[in-house]
Amino acid sequence: MDADPHPRQIDLFPAVASSLEQLSEGCRGCRRCGLADGRLQVVVSRGNPAARLMVIGEGPGAQEDASGLPFVGRAGQLLDQMLASVAIDSNSEAYICNVVKCRPPGNRKPTALEIAACRPWLEQQIRLVNPAVILLAGASAMEGVLGIKGGITRLRGQWRPGEQEPLAGRWLMPIFHPSYLLRNPSREQGSPKWLTWHDLQDVRRRLNQLESGS
Ligand code: URA
């Protein structure tokens, strides 16, 4: 586990939000970890709060910190394109957020403590949005949500039934993070991009099944 560069006690449990507006307001005032010190903005979400699909990434980068919206930089553009390739519009048919809502300095990975500090916000987001399907983009999201450390290459594309509240009754799938796909642009059979496209086709199928009630 990485050492937290700004150790501080995680004391205040965030007040329970009864709406996403209240949740955003709570997040904007949050100082539960050291990431609050370096942020320009708290990055809560973009997309449709009534979507059946939630995508959870790692944490905001520079462009997200500046705009206040998740996945708006190059990785976000690729995520949008990949979702569009299976007929999912990222703004109207998905709700997009991250395991941490403030930018880690220098785009480093969020620490386990930072993820734990932010987790009550994410849990509230899951309850309020109530998605049927959750995509975990990258190892930090997989670790932060499912508690599984490492093994994204082996575990991506596998459906996992959510076991405990607020995951119970939902289907979760780890996928490669779009930043990793930007670094590995090959589309050859068996490449990370090719595999992700197949994973997303599987997601499309599950959403279709849920929509048709079968
Ligand atoms: N990468 C993420 O994981 N989240 C963002 O919001 C942007 C890039």
Side-chain angles (χ1 to χ4, degrees), residues 2 20 23-24 27-28 30 33 35-36 38-49 51 53-84 88-119 121-126 129 131 133-153 155-157 172-185 192-193 195-196 199-200 203:
D2 306 333
L20 286 164
L23 177 112
S24 297
C27 289
R28 281 197 291 273
C30 179
C33 81
L35 296 183
R39 71 183 176 216
L40 291 176
Q41 301 199 56
V42 179
V43 177
V44 180
S45 69
R46 72 172 167 95
N48 180 355
L53 174 68
M54 178 182 267
V55 181
I56 306 178
E58 180 177 284
Q63 292 182 59
E64 289 77 18
D65 189 38
S67 68
L69 295 170
F71 279 107
V72 290
R74 281 185 68 218
Q77 283 161 20
L78 179 58
L79 176 68
D80 285 2
Q81 282 166 17
M82 298 209 62
L83 290 173
I88 298 171
D89 179 81
S90 72
N91 282 316
S92 63
E93 290 165 306
Y95 177 91
I96 299 181
C97 59
N98 284 304
V99 281
V100 297
K101 308 211 174 336
C102 301
R103 183 188 179 199
N107 293 347
R108 65 162 170 76
K109 279 186 180 301
T111 65
L113 261 178
E114 289 158 354
I115 293 175
C118 218
R119 170 125 187 161
W121 294 125
L122 182 63
E123 290 187 352
Q124 294 201 45
Q125 253 173 326
I126 294 171
V129 174
V133 174
I134 302 180
L135 289 182
L136 305 170
S140 295
M142 187 174 78
E143 185 180 342
V145 175
L146 293 175
I148 303 171
K149 204 169 159 71
I152 184 89
T153 303
L155 298 175
R156 58 126 278 280
L172 295 100
M173 182 195 279
I175 57 168
F176 284 127
H177 193 283
S179 300
Y180 176 73
L181 301 178
L182 285 173
R183 295 194 298 274
N184 293 276
K193 246 186 172 169
L195 291 168
T196 304
D199 295 345
L200 292 178
V203 171

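When a ligand or atom number is given, it counts from 1 through the structure's own listing order. Remember, predicted model here, so these are calculated numbers, not experimental data.
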Roughly how far, to the nearest 0.5 Å, is the OG1 atom of Thr196 from the CE atom of Met82? 5.0 Å
Short N or O distance, Glu58 and ligand 1, threshold 3.5 Å exclusive: yes
Among Cys27, Pro60, Cys30, whose side-chain contact (heavy atoms from CB on, under 4.5 Å) with Val42 holds? Cys27
How long is the straight-line distance from NZ of Lys193 back to CG of Leu182, given to the nearest 0.5 Å? 7.0 Å
Output the distance between atom CG (Leu23) and atom CD (Glu123), rounded to the nearest 0.5 Å. 12.0 Å
Cut-off 3.5 Å, side chains only: do Arg46 and Ser90 have a donor facing an acceptor? yes
Salt bridge flag under 4.0 Å for residues Lys109 and Glu58: yes
Mind checking whether Gln63 has a heavy atom under 4.0 Å from ligand 1? no
Enumerate the atoms of ligand 1 whose separation from the nearest heavy atom of Gly57 is less than 4.0 angstrom. 3 (O)
On a heavy-atom basis, the closest approach of Phe71 and Pro178 is CE2-CG, 3.8 Å
Which residue owns the protein heavy atom closest to atom 4 (N) of ligand 1, what's the atom, and how far is it? Asn98 OD1, 2.8 Å
As an exercise, identify every atom of ligand 1 less than 4.0 angstrom from a heavy atom of Pro70. 6 (O)
Relative to the heavy atoms of His177, which atoms of ligand 1 are at a distance of less than 4.0 Å? 1 (N), 2 (C), 3 (O)
Counting heavy atoms only, which part of Glu64 comes closer than 4.0 Å to ligand 1: side chain, backbone, both or neither? side chain
Pairs of nitrogen or oxygen atoms closer than 3.5 Å, one from Phe71 and one from ligand 1: do any exist? yes
Among the heavy atoms of Gly59, does any lie under 4.0 Å from an atom of ligand 1? yes
